[in-house]
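Have a look at the structure below, then the notes.
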2 protein chains.
Amino acid sequence: MAECQRFVVDCPSRLLFDQLADKWSMMVLAVLDPGPMRFNSIKRHLEGVTQKALTQCLRRLERNGLLTRRVIPASPVAVEYEISPLGRSLQVPFKALYNWTVVNLDQVEEARQEFDQRLAA
Amino acid sequence: MAECQRFVVDCPSRLLFDQLADKWSMMVLAVLDPGPMRFNSIKRHLEGVTQKALTQCLRRLERNGLLTRRVIPASPVAVEYEISPLGRSLQVPFKALYNWTVVNLDQVEEARQEFDQRLAA
DNA sequence: CTGCATCCATTTCGATACTG
DNA sequence: CAGTATCGAAATGGATGCAG
(Lines give C-alpha, C1' and ligand atoms only; values in the text may rest on other atoms or scores of the structure.)
Protein backbone atom coordinates (compact mmCIF):
# COMPACT_ATOMS: atom_id res chain seq x y z
CA MET A 1 0.00 0.00 0.00
CA ALA A 2 2.50 2.59 1.13
CA GLU A 3 5.16 1.23 -1.16
CA CYS A 4 3.69 2.65 -4.35
CA GLN A 5 3.68 6.27 -5.38
CA ARG A 6 1.09 5.71 -8.02
CA PHE A 7 -1.80 3.34 -7.76
CA VAL A 8 -2.54 1.45 -10.89
CA VAL A 9 -5.99 0.19 -11.61
CA ASP A 10 -4.80 -3.28 -12.48
CA CYS A 11 -2.59 -3.80 -9.47
CA PRO A 12 -2.96 -7.52 -8.67
CA SER A 13 -3.92 -6.86 -5.09
CA ARG A 14 -6.58 -4.43 -6.17
CA LEU A 15 -8.02 -6.90 -8.63
CA LEU A 16 -8.12 -9.54 -5.94
CA PHE A 17 -9.70 -7.08 -3.53
CA ASP A 18 -12.47 -6.50 -6.05
CA GLN A 19 -13.21 -10.18 -6.18
CA LEU A 20 -13.58 -10.33 -2.43
CA ALA A 21 -15.38 -7.11 -1.70
CA ASP A 22 -18.52 -7.77 -3.67
CA LYS A 23 -22.03 -7.78 -2.36
CA TRP A 24 -22.20 -11.33 -1.04
CA SER A 25 -18.76 -12.89 -0.60
CA MET A 26 -18.24 -11.73 2.95
CA MET A 27 -21.69 -12.89 3.97
CA VAL A 28 -21.26 -16.25 2.29
CA LEU A 29 -18.08 -16.86 4.24
CA ALA A 30 -19.92 -15.82 7.38
CA VAL A 31 -22.76 -18.22 6.67
CA LEU A 32 -20.36 -21.07 6.00
CA ASP A 33 -18.40 -20.32 9.15
CA PRO A 34 -20.01 -23.03 11.31
CA GLY A 35 -19.48 -25.72 8.70
CA PRO A 36 -20.34 -27.07 5.25
CA MET A 37 -23.69 -26.17 3.81
CA ARG A 38 -25.76 -26.91 0.74
CA PHE A 39 -26.74 -24.48 -1.95
CA ASN A 40 -30.34 -23.87 -1.04
CA SER A 41 -29.50 -23.68 2.61
CA ILE A 42 -26.98 -20.94 1.95
CA LYS A 43 -29.57 -19.20 -0.16
CA ARG A 44 -32.11 -19.32 2.63
CA HIS A 45 -29.60 -17.76 5.01
CA LEU A 46 -29.03 -14.82 2.70
CA GLU A 47 -32.16 -12.79 2.41
CA GLY A 48 -32.37 -10.98 -0.89
CA VAL A 49 -29.87 -12.99 -2.91
CA THR A 50 -31.01 -14.44 -6.21
CA GLN A 51 -29.99 -17.83 -7.45
CA LYS A 52 -27.95 -16.33 -10.22
CA ALA A 53 -26.06 -13.98 -7.94
CA LEU A 54 -25.35 -16.70 -5.41
CA THR A 55 -24.15 -19.12 -8.07
CA GLN A 56 -21.78 -16.52 -9.48
CA CYS A 57 -20.51 -15.61 -6.05
CA LEU A 58 -19.88 -19.24 -5.08
CA ARG A 59 -18.09 -19.88 -8.37
CA ARG A 60 -15.81 -16.94 -7.84
CA LEU A 61 -15.03 -17.92 -4.28
CA GLU A 62 -14.35 -21.46 -5.41
CA ARG A 63 -12.13 -20.29 -8.25
CA ASN A 64 -10.10 -18.16 -5.90
CA GLY A 65 -9.63 -21.11 -3.58
CA LEU A 66 -11.67 -19.67 -0.73
CA LEU A 67 -14.13 -22.54 -0.59
CA THR A 68 -14.55 -26.04 -1.93
CA ARG A 69 -17.49 -27.51 -3.78
CA ARG A 70 -18.40 -31.14 -3.32
CA VAL A 71 -21.06 -32.93 -5.33
CA ILE A 72 -22.85 -35.63 -3.40
CA PRO A 73 -24.12 -38.25 -5.84
CA ALA A 74 -27.74 -38.81 -4.97
CA SER A 75 -31.09 -38.08 -6.49
CA PRO A 76 -31.81 -35.36 -6.44
CA VAL A 77 -28.20 -34.28 -6.46
CA ALA A 78 -26.80 -32.41 -3.48
CA VAL A 79 -23.90 -29.97 -3.49
CA GLU A 80 -22.01 -28.98 -0.41
CA TYR A 81 -19.88 -25.89 0.00
CA GLU A 82 -17.21 -25.60 2.64
CA ILE A 83 -14.71 -22.93 3.57
CA SER A 84 -11.14 -23.83 2.70
CA PRO A 85 -8.16 -23.10 4.95
CA LEU A 86 -7.40 -20.14 2.71
CA GLY A 87 -10.95 -18.92 3.19
CA ARG A 88 -10.57 -19.30 6.94
CA SER A 89 -7.52 -17.09 6.89
CA LEU A 90 -9.47 -14.46 5.00
CA GLN A 91 -12.15 -14.43 7.64
CA VAL A 92 -9.71 -12.76 10.02
CA PRO A 93 -9.34 -9.46 8.14
CA PHE A 94 -12.99 -9.67 7.09
CA LYS A 95 -14.10 -9.85 10.68
CA ALA A 96 -11.84 -6.94 11.54
CA LEU A 97 -13.52 -4.87 8.86
CA TYR A 98 -16.94 -6.03 9.93
CA ASN A 99 -16.17 -5.10 13.51
CA TRP A 100 -15.08 -1.67 12.39
CA THR A 101 -18.45 -1.08 10.75
CA VAL A 102 -20.27 -2.18 13.89
CA VAL A 103 -18.17 -0.04 16.20
CA ASN A 104 -18.25 3.06 14.02
CA LEU A 105 -21.72 2.88 12.53
CA ASP A 106 -23.09 5.56 14.86
CA GLN A 107 -20.26 7.91 14.09
CA VAL A 108 -20.75 7.41 10.37
CA GLU A 109 -24.47 8.03 10.75
CA GLU A 110 -23.75 11.30 12.55
CA ALA A 111 -21.41 12.38 9.79
CA ARG A 112 -24.05 11.58 7.20
CA GLN A 113 -26.73 13.64 8.91
CA GLU A 114 -24.35 16.55 9.27
CA PHE A 115 -23.40 16.31 5.61
CA ASP A 116 -26.99 16.08 4.42
CA GLN A 117 -27.97 19.08 6.53
CA ARG A 118 -25.17 21.16 5.10
CA LEU A 119 -26.46 20.29 1.64
CA ALA A 120 -30.02 21.27 2.47
CA ALA A 121 -28.88 24.62 3.83
CA MET B 1 -21.32 -11.55 12.08
CA ALA B 2 -21.73 -14.73 14.07
CA GLU B 3 -24.63 -13.31 16.04
CA CYS B 4 -27.20 -13.55 13.26
CA GLN B 5 -28.76 -16.71 11.93
CA ARG B 6 -30.01 -15.00 8.83
CA PHE B 7 -28.21 -12.33 6.90
CA VAL B 8 -30.43 -9.58 5.65
CA VAL B 9 -29.50 -7.61 2.61
CA ASP B 10 -30.16 -4.27 4.26
CA CYS B 11 -28.24 -4.95 7.44
CA PRO B 12 -26.72 -1.57 8.36
CA SER B 13 -23.23 -2.97 8.55
CA ARG B 14 -23.57 -4.54 5.14
CA LEU B 15 -24.78 -1.29 3.65
CA LEU B 16 -21.86 0.54 5.19
CA PHE B 17 -19.49 -2.14 3.96
CA ASP B 18 -20.77 -1.55 0.45
CA GLN B 19 -19.93 2.12 0.70
CA LEU B 20 -16.38 1.33 1.70
CA ALA B 21 -15.58 -1.61 -0.51
CA ASP B 22 -15.98 0.08 -3.86
CA LYS B 23 -13.44 0.35 -6.58
CA TRP B 24 -11.55 3.42 -5.35
CA SER B 25 -12.25 4.19 -1.69
CA MET B 26 -9.47 2.06 -0.29
CA MET B 27 -6.97 3.50 -2.75
CA VAL B 28 -8.05 7.05 -2.07
CA LEU B 29 -7.45 6.55 1.63
CA ALA B 30 -4.07 5.06 0.78
CA VAL B 31 -3.16 8.03 -1.41
CA LEU B 32 -4.21 10.49 1.28
CA ASP B 33 -2.28 8.61 3.93
CA PRO B 34 0.79 10.89 3.94
CA GLY B 35 -1.27 14.05 4.22
CA PRO B 36 -3.84 16.40 2.62
CA MET B 37 -3.97 16.48 -1.14
CA ARG B 38 -5.80 18.37 -3.86
CA PHE B 39 -8.28 16.94 -6.30
CA ASN B 40 -6.15 16.75 -9.39
CA SER B 41 -3.21 15.46 -7.45
CA ILE B 42 -5.28 12.59 -6.11
CA LYS B 43 -6.48 11.94 -9.63
CA ARG B 44 -2.94 11.78 -10.94
CA HIS B 45 -2.06 9.23 -8.26
CA LEU B 46 -4.88 6.94 -9.31
CA GLU B 47 -4.26 5.62 -12.75
CA GLY B 48 -7.47 4.81 -14.54
CA VAL B 49 -9.92 6.81 -12.46
CA THR B 50 -12.21 9.23 -14.24
CA GLN B 51 -13.09 12.63 -12.86
CA LYS B 52 -16.68 11.57 -12.37
CA ALA B 53 -15.80 8.42 -10.48
CA LEU B 54 -13.32 10.22 -8.27
CA THR B 55 -15.75 13.00 -7.48
CA GLN B 56 -18.43 10.51 -6.49
CA CYS B 57 -15.98 8.52 -4.42
CA LEU B 58 -14.71 11.58 -2.58
CA ARG B 59 -18.28 12.75 -1.94
CA ARG B 60 -19.23 9.42 -0.46
CA LEU B 61 -16.15 9.27 1.72
CA GLU B 62 -16.82 12.80 2.88
CA ARG B 63 -20.46 12.07 3.61
CA ASN B 64 -19.51 9.06 5.68
CA GLY B 65 -17.09 11.17 7.68
CA LEU B 66 -13.98 9.42 6.44
CA LEU B 67 -12.35 12.53 5.03
CA THR B 68 -12.79 16.28 5.10
CA ARG B 69 -13.04 18.68 2.20
CA ARG B 70 -11.62 22.18 2.49
CA VAL B 71 -12.07 24.87 -0.12
CA ILE B 72 -9.15 27.27 -0.34
CA PRO B 73 -10.38 30.60 -1.69
CA ALA B 74 -8.05 31.53 -4.50
CA SER B 75 -8.18 31.81 -8.22
CA PRO B 76 -8.37 29.35 -9.56
CA VAL B 77 -10.01 27.71 -6.59
CA ALA B 78 -8.22 24.90 -4.78
CA VAL B 79 -9.81 22.08 -2.82
CA GLU B 80 -7.94 20.00 -0.33
CA TYR B 81 -8.96 16.56 0.91
CA GLU B 82 -7.69 15.14 4.17
CA ILE B 83 -8.31 11.91 6.04
CA SER B 84 -10.36 12.36 9.19
CA PRO B 85 -9.61 10.57 12.46
CA LEU B 86 -12.46 8.21 11.60
CA GLY B 87 -10.84 7.55 8.24
CA ARG B 88 -7.54 6.88 9.97
CA SER B 89 -9.19 4.26 12.13
CA LEU B 90 -10.57 2.57 9.03
CA GLN B 91 -7.12 2.33 7.54
CA VAL B 92 -6.25 -0.30 10.12
CA PRO B 93 -8.66 -3.02 8.93
CA PHE B 94 -8.11 -1.90 5.34
CA LYS B 95 -4.40 -2.47 5.63
CA ALA B 96 -5.03 -5.85 7.21
CA LEU B 97 -7.15 -6.82 4.24
CA TYR B 98 -4.61 -5.43 1.81
CA ASN B 99 -1.85 -7.36 3.53
CA TRP B 100 -3.91 -10.53 3.22
CA THR B 101 -4.16 -10.05 -0.53
CA VAL B 102 -0.42 -9.53 -0.80
CA VAL B 103 0.46 -12.54 1.31
CA ASN B 104 -2.02 -14.89 -0.34
CA LEU B 105 -1.96 -13.70 -3.92
CA ASP B 106 0.22 -16.61 -5.04
CA GLN B 107 -1.99 -19.15 -3.37
CA VAL B 108 -5.07 -17.61 -4.97
CA GLU B 109 -3.38 -17.66 -8.33
CA GLU B 110 -2.62 -21.35 -7.95
CA ALA B 111 -6.22 -22.06 -7.06
CA ARG B 112 -7.36 -20.16 -10.13
CA GLN B 113 -5.14 -22.09 -12.47
CA GLU B 114 -6.25 -25.36 -10.98
CA PHE B 115 -9.89 -24.34 -11.31
CA ASP B 116 -9.50 -23.19 -14.89
CA GLN B 117 -7.73 -26.41 -15.83
CA ARG B 118 -10.50 -28.50 -14.33
CA LEU B 119 -12.95 -26.54 -16.45
CA ALA B 120 -10.97 -27.08 -19.63
CA ALA B 121 -10.81 -30.81 -18.99
C1' DC C 1 -31.90 -29.91 -5.90
C1' DT C 2 -28.64 -27.43 -8.40
C1' DG C 3 -27.51 -24.61 -11.94
C1' DC C 4 -27.24 -22.87 -16.80
C1' DA C 5 -29.24 -19.91 -20.63
C1' DT C 6 -31.94 -16.29 -22.06
C1' DC C 7 -34.32 -12.03 -22.08
C1' DC C 8 -35.18 -7.53 -20.53
C1' DA C 9 -35.11 -3.58 -17.10
C1' DT C 10 -32.05 -1.02 -14.43
C1' DT C 11 -27.90 0.81 -13.20
C1' DT C 12 -23.45 2.15 -13.84
C1' DC C 13 -19.59 4.25 -16.48
C1' DG C 14 -16.81 6.81 -19.48
C1' DA C 15 -16.35 10.51 -22.61
C1' DT C 16 -17.46 15.01 -23.72
C1' DA C 17 -18.94 19.58 -23.15
C1' DC C 18 -19.69 23.36 -20.20
C1' DT C 19 -19.48 26.61 -15.67
C1' DG C 20 -17.66 29.43 -11.62
C1' DC D 1 -8.82 23.96 -10.83
C1' DA D 2 -12.74 21.62 -9.51
C1' DG D 3 -16.47 20.44 -10.49
C1' DT D 4 -21.71 19.65 -12.91
C1' DA D 5 -24.67 17.94 -16.79
C1' DT D 6 -25.67 15.01 -20.39
C1' DC D 7 -25.68 11.08 -23.35
C1' DG D 8 -24.78 6.62 -25.26
C1' DA D 9 -22.36 2.27 -24.15
C1' DA D 10 -21.58 -1.29 -21.15
C1' DA D 11 -22.10 -4.00 -17.23
C1' DT D 12 -25.22 -5.75 -13.91
C1' DG D 13 -29.54 -7.75 -11.95
C1' DG D 14 -33.74 -10.12 -11.62
C1' DA D 15 -37.19 -13.24 -13.57
C1' DT D 16 -38.24 -17.14 -16.12
C1' DG D 17 -37.74 -21.50 -18.37
C1' DC D 18 -35.31 -25.61 -18.84
C1' DA D 19 -31.94 -29.64 -17.90
C1' DG D 20 -29.05 -33.18 -15.44
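Since the structure is predicted, the reported quantities are computational estimates derived from the model, not experimental observations. So you know, we letter chains A, B, ... as the sequences are listed, proteins then strands, and number each from 1.
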(request) Write down the distance between CD (Q51(B)) and P (dT6(D)), rounded to a whole number of angstrom. (result) 16 Å
(message) Between R69(A) and dT2(C), is there a contact of a side-chain N or O with OP1 or OP2 at under 4.0 Å?
(response) no
(message) With no hydrogens and no angle check, just 3.5 Å: does a side-chain donor-acceptor pair link R88(B) and Q91(B)?
(response) yes
(request) Output the single nucleotide from dG14(D), dA2(D), dT6(D) whose closest atom is nearest the side chain of T50(A). (result) dG14(D)
(message) Using a 3.5 Å distance criterion without hydrogens, assess whether the side chain of S84(B) forms a donor-acceptor pair with backbone atoms of G65(B).
(response) yes
(request) Quickly work out the L54(A) CG to dC1(C) C1' distance and round it to whole Å. (result) 13 Å
(request) Write down the distance between CD1 (I72(B)) and C1' (dG20(C)), rounded to a whole number of angstrom. (result) 17 Å
(request) Look at the side chain of S25(B) and the backbone N and O of A21(B), then say whether any donor-acceptor pair between them is shorter than 3.5 Å. (result) no
(message) Without decimals, in angstroms, what is the distance between Q19(A) CD and dT12(D) P?
(response) 11 Å
(message) Taking the minimum atom-to-atom distance to the side chain of R59(A), which one of dC7(D), dT6(C), dG3(C) wins?
(response) dG3(C)
(request) Using the six-membered ring wherever Trp is involved, compare the ring planes of F94(B) and F17(A) and label them parallel, tilted or perpendicular (cut-offs 30° and 60°). (result) perpendicular
(request) Could you check how far CG of D18(A) sits from P of dA11(D), rounded to whole Å? (result) 15 Å
(message) Rounding to an integer number of Å, can you tell me how far Y81(A) OH sits from dT2(C) P?
(response) 8 Å
(request) Could you state the atom-to-atom distance from CG of L58(B) to P of dG3(D) in whole Å? (result) 8 Å
(request) Rounded off to whole Å, could you give me the CD-to-P distance for the E62(B) and dA2(D) pair? (result) 14 Å
(request) For A53(A) and for K52(B), find the nucleotide of DNA chain D with the closest heavy atom, then tell me which residue's nucleotide is more 5'. (result) K52(B)
(message) Quick check on the hydrophobic clustering: are V102(A) and V92(B) connected, directly or via other members, by side-chain heavy-atom contacts under 4.5 Å?
(response) no
(message) With nearest nucleotide decided by heavy atoms, which residue, Q56(B) or R38(A), maps closer to the 5′ end of DNA chain C?
(response) R38(A)
(message) Nearest to the side chain of V77(B), heavy atoms from C-beta on, is which of dC1(D), dG3(C), dG3(D)?
(response) dC1(D)
